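Following: one structure in structure tokens, then a few remarks.
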Amino acid sequence: MGSRGLFGWSPPHMQPLTPVSEVSEPPESPSPYMDSGLESVALEDEGAVDEDGEEMEPPPAAVPFSRLFAYADGFDWFLMAVGALAAVAHGMALVVYLHFFGKSINLLNSNNLQKSNAEIFHQFKQHAMCIIYIASAVFAAAWIEVSCWIFTGERQTAVIRSKYVQVLLNQDMSFFDTYGNNGDIVSQVLSDVLLIQSALSEKVGNYMHNMATFFCGLVIGLINCWQIALLTLATGPFIVAAGGISNIFLHRLAENIQDTYSEAASIAEQAISYIRTLYAYTNETLAKYSYATSLQATLRYGILISLVQGLGLGFTYGLAICSCALQLWVGRFLVLHEKANGGEIVTALFAVILSGLGLNQAATNFYSFEQGRIAAYRLYEMISRSTSTIYHDEKTLVSVLGSIEFRNVYFSYLSRPEIPILSGFFLTVPPRKTVALVGRNGSGKSSIIPLMERFYDPTLGEVLLDGENIKNLKLEWLRSQIGLVTQEPALLSLSIRDNIAYGRSASFDQIEEAAKTAHAHTFISSLEKGYDTQVGRAGLTLTEGEMIKLSIARAVLSNPSILLLDEVTGGLGFGAEKAIQEALDILMLGRSTIIIARRLGLIRNADYIAVMEEGVLVEMGTHEELLNLNGLYAELLRCEEAAKLPKRTPIRNYKEHAMFQIEKDSSGSYCLQEPSSPKMVKASSLQRGHGFHASRQQDGNNILQESPKVHSPPLEQITESGMSAPQRIPSIKRQDSFEMRLPELRKIDVHPLKRQPSNTSDPESPISPLLTSDPKRERSHSESYSRPHNQFHDMPSIQRFTGDLYHQKPPSLWRLAELSLAEWLYALLGSIGAAIFGSFNPLLAYTIALIMAAYYRIGVEDVRNEVNKWCLIIACLGFITVIANFLQHFYFGIMGEKMTERVRRMMFSAMLRNEVGWYDGDENSADTLSMRLANDATFVRAAFSNRLSIFIQDTSAVVVAIVIGMLLQWRVALVALATLPILVVSAVAQKMWLAGFSRGIQEMHKKASLVLEDAVRNIYTVVAFCAGNKVMELYKLQLNKILRKSFFHGVGIGFAFGISQFLLFASNALLLWYTALSVRDGHLTIVTALKEYLVFSFATFALVEPFGLAPYILKRRKSLISVFEIIDRVPTIDPDDTSGIKPPSVYGSIELRNIDFCYPTHPELMVLSNFSLKVGGGQTVAVVGVSGSGKSTIISLIERFYDPVAGQILLDGRDLNLYNLRWLRSHMGLVQQDPVIFSTTIRENIIYARHNATEAEMKEAARIANAHHFISSLPHGYDTHVGMRGVDLTPGQKQRIAIARVVLKNAPILLLDEASSAIESESSRVVQEALDTLILGNKTTILIAHRAAMMRHVDNIVVLNGGKIVEEGSHDSLVQMNGLYVQLMQPHFSKGIRHHRLV
């Protein structure tokens, strides 16, 4: 808790406690340009770990301080020189003012007392005018200081940014292989440049300002009274030591509190990430209990911090006050021996105190300097890198035939030189022929494209184009001859027109023609802005098919001689694949083409098929020739045939929403693909959510674009089931280890609940008193019964979910007070301490004034006894200060910690009350909500508990000052009060400056870096199309905008700060002048006048402090609103409502009647339209359909994750809304497509379904799920930890644990979103058996199925397309119909699907 020093300045030890600003935060991600001298970083993706780094971390390398300014030009040096002079002048001002303050006190000397009042008034007026001159100088100096440093900082870092980006875009691909191309390199440069900017602009100015205060303070102190100055310096170390010791403890405790909270944070993040599973098993109480329990450790450490802080501050202030008493006591001897007068003693005392504070404030900048030097080392190292591609005599060919030859090529990636990729590879591609490369994973086929594009050079051997080694050809010319189309199309955050041109200068007609050839013109024209539509992360998100069409248009525009295709249609549905294949066929005509194929069914008609194995060519010929050879190709083909059904559906299908809504005209096929699940909008959170920019649905391409090398998550999970938990977390490593993304977490503690009585039909277990619900927040369930059809159409989706933070009122003070009423006793004790400590400020000033009067022997007979008496009183004040500070900080600290803990629990409980639709909004993703739990609750505490403490402290100071002033002379007291508004303005402006004046432009920099991040993420495409210059041009354009804005920004802030400083001094001068006026008019004596002036000069700082907090409170206002927005939100589907019915038994008949449904985040897209389905009790119904047809939506509606917009869902003839929600969910068993495994033991993962299950029941459930055998084979059996801290299970094993969970739940209704399609083949059979066993029980089952094998066990099959049932019947009857069902079950091998040749 921050506190104000006695004289309005922070005590020396307080500064390190100030939280490091966002700017100064050391970057979290590993630096992409660390050299070997820096600490080694384990790069997960590449697996390259430097083991030496683990043994000992050397200090990070840093540049010398002077090199921070390496990119300053002449104008920058001029700005810095002027800024430095202004900073020094500004820093000296306060100490020079002190000098005149001392002279004012010296007017008490006996010579002056004999003068007339008019003469005294004249002298006072002169001093007041001097203070006005100082105020004017401060105004100019502060304005110039701030303006110059802001502008030069922005100018210098703009140069660093440009140079870095230029070098980055010129790196060869091995650099991106080593350091990743996922955008971290860009976010790293952003954070590093901010560190440099902070160090070389505001921090240098701040340092000079404070050092000027330090030196000037010493000089003024020594000039006025060297004895007192030296004595003050001697006592300084004791004061600093008191603060320093407490600071060491505080830092350690702060680390501990972070560690302990991380456990609670992990529990919360898991609960929110896996919210569907949590709701399906009605385990909200368990999650709340675990979270509340783990918060207790955080609370204990928080209270300990308050104790240490109270004692530390108490002793620091106590020693400072006692030191003050000592100096004044020693001053008595100097006065008696006429070595100094009272004014000089006071000036020397406070000048040295100011000097010490200046030094302390200056020292706080060293951390920023150090961070800036380290960041500069990293950036400058990168800037000094050269590209490793060696250019020989570059030439171009007059004409290109397109003959390509790989001659004895050996190759391995620089990042993994020990792994050979190609070993003596030979291949010849005749001109204008198509060669398809096939082979197992790791055979080396994917390296052919980068070698051809010359992203890399072979280790040995040659790559020839028309007989010429491509090393001898001009690089840009070579790449301009090659058209590259990949399955991960790269889009920059630009318009569609710019994305097709991609750095080339082309007319609009040419671009339009290219789009028509690529079958992209139709969908582009249907967009509101057509070719000027912004796409990428800052604009509209396109489907993958649309992106591939743009990619093809780009290749068409470049009119290449050679075409490289990397499994372009691999991730598309059938309809889109057909359209794109036609566009490719046109593009391939008359061009040499190399296709990297992963699905052999697509390349049968290529001119030649080359088969690779372990980096060498083993077979080559046509499809028929290779089949007759019966070698590796034939074997690969057989494997694919055998595995075709499971392999086909899961990994790629989810990309294309309505893949079977096909028109004859393939280019128009997109018009029909809109009515599909909008849930893919959630994928934008995978791209570090930049808000809702899309007016259309987003598609799975976001995931691919984010991380090109990952497997895609399984099909229905993304397109229909909405944002199920795992996808809300930004980094997807592989589709089979979702829980790996959770932070390390102790297990979700189910032990305390195991002992509590519970039964299967009612899962609401007794729960800790920590979690008792607030009756005021109980919701009426009836609100969710009926929703008007147009509810979502009446307001924009964004506003609906954000709660419109900007228009919501911040919570009232009473509302905040209510949260801490339970701690009224702590608040009372803390308030007593704060009031006592606050009142010491004016009392100390008044006592010093009395000592001054004694020094000048005014109304005092015995100077010695008088000074001794008052010095003793000051020393007593010092002792009481220790107690007062302890009371204030310890008890307000306890109150604040308890408040934080309570708010976190309330927020978490409120989050777990919301319907699933709430979590679909980008602003409610798991990582965002976890951050809000961690940070926003502390802002509530800051806004109330900390502020109340300082408010009471300062109010008591003001009240005591006013009382003393009124008792002495009421007129001066009123004038002092009148200056308050002026001081408020001054304080607010100063606080804003101290908070760091370079932050206003950071948002613009983030926007500028978007273009850059896109380029780095898609570096292969950028380089292949030579678009680096275009990216650079765009980035420089953004930087110039920022520079212009920063100039006006700097001048504006400088002016405001200058005015604030001027007002502070001017109001003091006014007070002095009016005091003198009162003396002249005989209203008060000169002694009383100086007492008033001293008391109010001291009190001004106390008056200012609470208002100085305004920027902090304003800045956190949004966080405060967001806390109460979460707590007060009325869920549309409330699980806490107890009014619903709980029938004794369930028959299990389900009916969906005339259902209309759209997801809340996308009300414009109907997923189900007038949909009806009946499932009899005990029946098994399979639902199949194209991706995006609404299959998983049905399960979400039956679980009441969402309510339909119109229509009814009936269970046993009653509307679902009539049932108690937790009772309803407890009677349904849900197996999701991607099984959720919590980071805890296998045992607790299984009994998550029923906490009172016996060991025998749990093992039986595992046996039925075919999981017992593999669990028993693990070293710790059922106590094996899985997830982050334990064993990483295969998808099949996870699926079986999820099935065991459902078996244990033994619910009469089963909802299975079949995921066996995403499981490795060896586990697939075992999982299949477990699912069969599950289905064969006498339960009502709805099965979302992907494979024909499942269909033989079901009573009925319904086939969906576009949210409607298009076919229904048994497996055999549907096969006979030979409709959509047959196409779905065998997408690639039905007759007539691919009747055209590739070339």
Side-chain angles (χ1 to χ4, degrees), residues 93-139 220 224 335 340-347 350-351 842 845-860 961-962 964-983 1062-1101 1103:
L94 192 56
V95 187
V96 172
Y97 156 75
L98 256 185
H99 186 65
F100 285 99
F101 179 74
K103 286 195 168 183
S104 303
I105 290 176
N106 206 34
L107 294 177
L108 286 171
N109 66 42
S110 48
N111 300 333
N112 274 343
L113 294 178
Q114 276 111 45
K115 291 179 184 173
S116 70
N117 282 353
E119 284 179 297
I120 291 173
F121 172 69
H122 179 68
Q123 285 180 301
F124 266 116
K125 200 167 77 171
Q126 276 184 319
H127 286 163
M129 282 310 295
C130 288
I131 294 173
I132 289 287
Y133 298 144
I134 292 172
S136 306
V138 164
F139 166 66
I220 296 281
N224 275 278
V335 169
N341 61 43
E344 288 167 348
I345 289 168
V346 170
T347 304
F350 289 124
Y846 184 65
T847 315
I848 290 173
L850 291 172
I851 291 174
M852 290 302 108
Y855 280 169
Y856 289 107
R857 297 181 173 79
I858 300 166
V860 176
I962 298 289
I964 293 173
M966 290 290 189
L967 291 173
L968 291 170
Q969 222 295 324
W970 60 270
R971 289 182 178 84
V972 180
L974 289 179
V975 170
L977 267 180
T979 60
L980 182 59
I982 299 170
L983 295 170
F1062 173 80
L1063 293 175
L1064 194 60
F1065 285 98
S1067 59
N1068 194 278
L1070 173 71
L1071 190 64
L1072 183 61
W1073 172 81
Y1074 186 76
T1075 311
L1077 199 66
S1078 302
V1079 172
R1080 189 190 72 182
D1081 297 345
H1083 294 306
L1084 74 167
T1085 64
I1086 189 163
V1087 179
T1088 317
L1090 276 172
K1091 284 177 189 170
E1092 290 253 24
Y1093 179 57
L1094 259 177
V1095 167
F1096 283 115
S1097 291
F1098 272 47
T1100 14
F1101 292 103
L1103 286 163

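Bear in mind that the values here come from a model prediction, so they are computed numbers and not experimental data.
- Looking at Glu1092, its side chain never comes within 3.5 Å of a backbone N or O of Thr1075 through a donor-acceptor pair.
- Side-chain atoms of Asn1068 and Phe1065, non-hydrogen and from C-beta on, never get closer than 4.5 Å to each other.
- For the atom pair Tyr97 OH and Thr347 OG1, the distance stands at 10.0 Å (nearest 0.5 Å).
- In this structure the side chain of His99 reaches within 4.5 angstrom of the side chain of Asn224, judged on heavy atoms.
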Distance-only check: which donor-acceptor pairs under 3.5 Å involve side-chain atoms of residues 125-137, not counting sequence neighbours?
from   : atom 1 : to     : atom 2 : distance (Å)
His127 : ND1    : Ser104 : OG     : 3.4
Ser136 : OG     : Ile132 : O      : 3.0

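- The closest side-chain heavy-atom distance from Tyr856 to Val1087 is not below 4.5 Å.
- For Tyr855, there are no side chain to side chain donor-acceptor pair (under 3.5 Å) partners, not counting sequence neighbours.
- A heavy-atom distance below 4.5 Å is not found between the side chains of Ile105 and Tyr1093.
- Between the CG atom of Leu968 and the CG atom of Leu1084 there is a distance of 8.5 Å, given to the nearest 0.5 Å.
- Taking both residues in full, the closest heavy atoms of Ala93 and Val138 are given as CB-CG2, 3.1 Å, listed atom of the first, atom of the second, then distance.
- Closest approach of Ala340 to Ile345, counting heavy atoms only: CB-CG1, 4.2 Å.
- For the atom pair CG (Asn106) and CD (Glu344), the distance works out to 6.5 Å, reported to the nearest 0.5 Å.
- In this structure, OG on Ser1097 lies 10.5 Å from CZ on Phe350, to the nearest 0.5 angstrom.
- No side-chain heavy atom of Phe1096 sits under 4.5 Å from any side-chain heavy atom of Thr979.
- If you take CZ on Phe100 and CG on Leu1072, they are separated by 11.5 Å, rounding to the nearest 0.5 Å.
- For Val335 against Gly342, the heavy-atom pair with the smallest separation is CG2-N, 4.5 Å.
- Residues Tyr846 and Leu967 are not in side-chain contact: their nearest non-hydrogen atoms beyond the backbone lie 4.5 Å or more apart.
- Using a 4.5 Å heavy-atom cutoff, the side chains of Phe121 and Leu1077 are in contact.
- The distance from the CD1 atom of Ile220 to the CG atom of Leu98 is 8.5 Å, given to the nearest 0.5 Å.
- A donor-acceptor pair is defined here as one N or O able to donate and one able to accept, closer than 3.5 Å; such a pair exists between the side chain of Asn341 and the backbone of Gly343.
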